[in-house]
Amino acid sequence: MLLAEVDLTILLCLVFILKKSVMSKTGALDLASGLGGKIKKQEVQSAVEQYEKYHVYHGGDEEARKTNYSDMVNKYYDLATSFYEFGWGESFHFAHSQLCPCRWQGESLRESIKRHEHFLALQLGLKSAMKVLDVGCGIGGPLREIARFSSTSITGLNNNEYQISRGEELNRIAGLSQTCNFVKADFMKMPFSDSTFDAIYAIEATCHAPDAVGCYKEIYRVLKPGQCFAAYEWCMTKHYDPKNQEHQKLKAEIELGNGLPDVRTTDQCLEALKLAGFEVVMEKDLALDSPVPWYLPLDTSVFLDN
Ligand SMILES: C[S@@+](CC[C@H](N)C(=O)[O-])C[C@H]1O[C@@H](n2cnc3c(N)ncnc32)[C@H](O)[C@@H]1O
């Protein structure tokens, strides 16, 4: 992630709840063995170069990133997952402190991440018999936490083979292999029948979609009528000026540092959700009133405290 130097007023983490109408820290050895995901050790360097070429800094363009999103995103996670797990834990997302400013009084990053996950589960009203889908589930940190918190069975959908193998191992260790599972597939074309799930959530994952409407439509399709989808999404705020070169540079850095084809604005995301068929029940810019900046864990001046 390349966010440390970024003017972050232009980026937010949006939460939305939508309705369909009627850290386990691994050791250094694990890090070394996982590095590169399914990329062979001798091919890691060329994978880095191929990944970089998708991005503006290295001559790439948005169209190529969108056309080749599977390759671009998988290369990113094959290369980055072990570092995420080592430095961040099992959940690969940010957490804000607006709903409980206790992070100032000693809340750790890990605690705030769990609270962020519990909040989503509560908003969805998860109950034990429900069949839940986690879209873009990483190695399953949120899936395990939410499954235990809500006593639900959760399917984690992910297009990255290496992350699924880590997730299955961590589910086995956590004793959740019987109630939760992983499916390797693209969230742009999910291998589920219409109206399969009682609730769906996505945490900082659908930002990787090449086409927001197409992705949200798939989520809408597999959600049962009358049920809800909740998500944390990365968006550019109204402060973002597409003609401002400094803003363009910051956006390009965010895309490069996070495997993103584009970073959509809040309005684009909300419009895409409505076009997919959802009624927006709640939406909020979580960065606005948080007493702790959401990017705090990337701030090198406080890095060691996190
Ligand atoms: C930032 S990670 C977040 C993971 C997880 N939600 C968490 O919070 O720990 C984004 C995830 O989206 C997944 N992803 C990206 N594009 C995808 C696609 N087209 N289909 C399925 N999963 C995808 C990535 O493989 C990765 O697991």
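Ligands are counted one by one from 1 in listed order, and the atoms in each one are counted from 1 as well. Here the structure is a predicted model, which means the values were calculated and not measured. Computed over heavy atoms, backbone and side chain alike; hydrogens, waters and symmetry mates excluded.
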Taking only Lys NZ, Arg NE, NH1 and NH2, and the carboxylate oxygens of Asp or Glu, determine whether Asp71 and Lys75 approach each other closer than 4.0 Å. yes
Run through ligand 1 for me and note each protein residue having a heavy atom under 4.0 Å from it, chain first, then residue number. Tyr69, Val73, Tyr77, Ser91, Phe92, His93, Gly136, Cys137, Gly138, Pro142, Asn158, Asn159, Asn160, Gln163, Ala185, Asp186, Phe187, Ile203, Glu204, Ala205, His208
Please identify each residue that fulfils side-chain contact (heavy atoms from CB on, under 4.5 Å) with Cys207, with sequence neighbours left out.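 side-chain contact (heavy atoms from CB on, under 4.5 Å) check on Cys207 returns Glu233, Trp234, Leu260.
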Between His208 and Tyr77, how do the two ring planes meet: parallel, tilted or perpendicular, split at 30° and 60°? perpendicular
Which class fits the ring pair Tyr216 and Phe229: parallel under 30°, tilted 30 to 60°, perpendicular over 60°?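 Tyr216 vs Phe229 ring planes: tilted.
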Whether over 12 other heavy atoms sit under 6.0 Å from Lys127 NZ: no
Ring centre gap for His58 and Tyr54 strictly below 6.0 Å: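 Here the rings of Tyr54 and His58 have centres that are no less than 6.0 Å from each other.
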